[in-house]
Protein chains: 2
Amino acid sequence: MVETTRRQAIEDVASDLFRERGYAATSIRDIARALSVQGASLYAHVASKEDVLWGIVDRAATRFEAAADRAEAEAEARVPGDPVEALAAMVRAHVHVLTSDVGGAGVFVHEWRALGPERRSAILARRDVYERRFRAHIEDGIAIGVFAMTDSGLAASALLSALNGTATWYDPKGRLPAPRIADHLVDLSLRMLGAS
Amino acid sequence: MVETTRRQAIEDVASDLFRERGYAATSIRDIARALSVQGASLYAHVASKEDVLWGIVDRAATRFEAAADRAEAEAEARVPGDPVEALAAMVRAHVHVLTSDVGGAGVFVHEWRALGPERRSAILARRDVYERRFRAHIEDGIAIGVFAMTDSGLAASALLSALNGTATWYDPKGRLPAPRIADHLVDLSLRMLGAS
DNA sequence: CCTACCGATCGGTAGG
DNA sequence: CCTACCGATCGGTAGG
């Protein structure tokens with residue numbers, strides 16, 4: 001468990017650095033310096049630099065997926081078969097993951113290109129599945145007339161881009177607290193889809 | 001003029017590479033290889049690698065600004081003092097710049113962090129001014145009741161993030177032609193703001 | 001977790 | 001635009 005903890009500390013520090021400067025512009029020695037150890041010492045805990053990136057990205061992806069699972073289940077329990085309710089819950093969950101771990105989520109959003117070919121396509125496939133869940137609710141809503149007719153694929157992309165932008169500008173010590181940001185983004189999202 | 005042309009060819013090739021792999025992950029030799037010359041030969045045309053990035057980013061910023069100028073002027077000429085018209089024109093102009101130069105615009109959107117401190121803050125200041133123009137139209141629209149009441153700053157950020165996402169997924173040979181994408185994004189944007 | 005070190009690659013210069 | 005080369009830094013390993 002000591003190693004798990006140490007590994008987590010490495011990924012936490014790396015998340016912030018990768019988010020600020022990007023993966024390629026951050027060296028193993030930068031990460032080590034932030035932890036007050038020598039660069040080579042990190043290799044007792046991680047196999048490679050890309051391994052650190054993968055740990056961060058995989059963890060963030062898992063958090064987004066789990067939050068969406070819970071959001072869909074709770075929305076379905078509260079108001080069964082309502083696409084508006086489901087989409088609102090998914091948006092709120094997505095923003096919560098973003099704001100509760102800006103480092104990890106920001107790296108997930110922007111730095112997946114730095115992964116090797118197989119991990120990169122694995123994460124793209126997961127992102128695709130995730131985006132389709134939003135699209136499915138949009139299509140359900142269009143079908144029953146609670147959302148305006150639109151290109152559901154483009155709408156889902158635009159929606160997630162709007163939400164993900166939060167990872168770039170969100171500041172925990174900023175003007176708006178995270179729950180207010182989530183409220184606003186839920187409103188903007190539903191309006192964007194023409195929710196009645 | 002030969003040099004201007006050559007310089008432009010370097011920036012064009014670099015735009016695509018920076019967009020795909022990121023600035024830090026692209027070497028001067030990568031750019032040179034795409035032009036079938038030796039790495040050192042590029043230094044007859046550019047002062048430094050950051051100089052290439054700056055050329056791309058500055059040019060893209062200028063295109064966004066000029067397109068917004070024209071859009072505002074034309075909207076004002078067509079329907080004076082209408083925030084909805086003005087905002088729709090700005091969105092359309094923004095998407096046009098994005099889709100007509102995915103490389104340059106994509107680098108502008110994502111790689112400004114790689115600039116040195118002074119150029120980085122210069123470009124952030126220009127981005128801020130540009131975003132404020134969107135925000136001003138949003139506030140005008142709220143004031144006269146054609147847009148729903150909302151946090152104008154957050155709405156402007158979310159709107160531009162939604163549009164900028166296009167730079168990530170847009171493919172000139174893709175399913176939707178650029179003008180259709182612009183149409184959809186104008187619709188989504190106006191709806192998001194609650195345009196009556 | 002450290003020191004010592006590796007081969008490779010980087011941005012960039014000199015001199016033609 | 002080329003060859004030849006520079007000092008610095010990179011990710012990573014060996015051996016303790």
Side-chain angles (χ1 to χ4, degrees), chain A residues 1-58 107 110-120, chain B residues 1-58 107 110-120:
Chain A
M1 287 306 112
V2 164
E3 184 150 342
T4 307
T5 290
R6 201 57 183 143
R7 165 95 196 204
Q8 194 53 52
I10 292 169
E11 290 184 4
D12 285 348
V13 145
S15 295
D16 290 334
L17 292 172
F18 290 169
R19 179 185 175 233
E20 283 160 29
R21 321 177 188 176
Y23 173 79
T26 305
S27 73
I28 280 287
R29 287 164 177 85
D30 290 332
I31 300 167
R33 191 176 309 116
L35 292 161
S36 303
V37 296
Q38 293 298 315
S41 303
L42 293 186
Y43 287 94
H45 306 283
V46 305
S48 66
K49 186 186 167 190
E50 196 203 308
D51 206 50
V52 177
L53 176 60
W54 174 249
I56 296 166
V57 168
D58 179 51
V107 171
H110 288 118
E111 300 297 329
W112 53 267
R113 290 181 303 180
L115 290 167
E118 78 299 333
R119 284 168 160 177
R120 186 224 214 85
Chain B
M1 287 308 113
V2 162
E3 185 151 339
T4 307
T5 290
R6 202 56 184 144
R7 165 93 195 206
Q8 192 54 54
I10 293 169
E11 290 185 5
D12 285 349
V13 146
S15 295
D16 290 333
L17 292 172
F18 290 170
R19 180 184 174 234
E20 284 159 30
R21 320 177 188 177
Y23 172 79
T26 305
S27 72
I28 280 287
R29 286 162 179 88
D30 290 332
I31 300 167
R33 191 177 309 115
L35 292 162
S36 302
V37 297
Q38 293 297 316
S41 303
L42 292 186
Y43 287 95
H45 306 283
V46 305
S48 68
K49 187 187 168 191
E50 197 203 309
D51 206 49
V52 177
L53 175 61
W54 174 248
I56 296 166
V57 168
D58 179 50
V107 171
H110 288 118
E111 299 297 330
W112 54 267
R113 287 180 305 179
L115 290 168
E118 78 299 334
R119 285 169 158 176
R120 188 226 214 81

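Chain A is the first sequence line, chain B the second, and so forth, proteins listed ahead of strands; every chain is numbered from 1. Every heavy atom of this structure was used, including side-chain atoms; hydrogens, water molecules and symmetry mates were not.
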Worksheet entry | Counterpart residues, side-chain hydrogen bond (donor to acceptor under 3.5 Å, both in side chains), relative to R29(A) (two or more places apart) | none
Item to complete: Output all residues satisfying side-chain hydrogen bond (donor to acceptor under 3.5 Å, both in side chains) with D16(A), sequence neighbours left out; order by chain, then residue number.
Response: none
Worksheet item: Pick the nucleotide of DNA chain D nearest each of G39(B) and E50(A); which residue has the one closer to the 5' end?
Response: G39(B)
Determine all donor-acceptor pairs shorter than 3.5 Å in which one atom belongs to a side chain in residues 36-44 of chain B; sequence neighbours excluded.
residue : atom : partner : partner atom : Å
S41(B)  : OG   : Q38(B)  : O            : 3.4

Response to the item:
At a 4.0 Å cut-off to heavy atoms of chain B, the contacted part of DNA chain C spans dC10(C) to dT13(C)
Worksheet item: Can we say K49(A) and D30(A) salt-bridge, meaning some charged N sits less than 4.0 Å from an Asp/Glu carboxylate O?
Response: no
Discussion item. Are the side chains of Y23(B) and V52(B) in contact, using a 4.5 Å heavy-atom criterion?
Written reply: no
Discussion item. Could you tell me if the side chain of V107(A) sits less than 4.5 Å from the side chain of E11(A), heavy atoms only?
Written reply: no
Worksheet entry | Test item: side-chain donor near acceptor, S15(A) and D12(A), under 3.5 Å | no
Discussion item. Run the side-chain hydrogen bond (donor to acceptor under 3.5 Å, both in side chains) test against E50(B) and tell me which residues pass, sequence neighbours left out.
Written reply: R119(B)
Worksheet item: Toward the 5' end of DNA chain C, which comes first, S48(B) or S41(A), by nearest nucleotide?
Response: S41(A)
Worksheet item: If you fit an axis to the five pairs at each end of the helix from dC1(C)-dG16(D) to dG16(C)-dC1(D), how big is the angle between those two axes, to 10 degrees?
Response: 0°
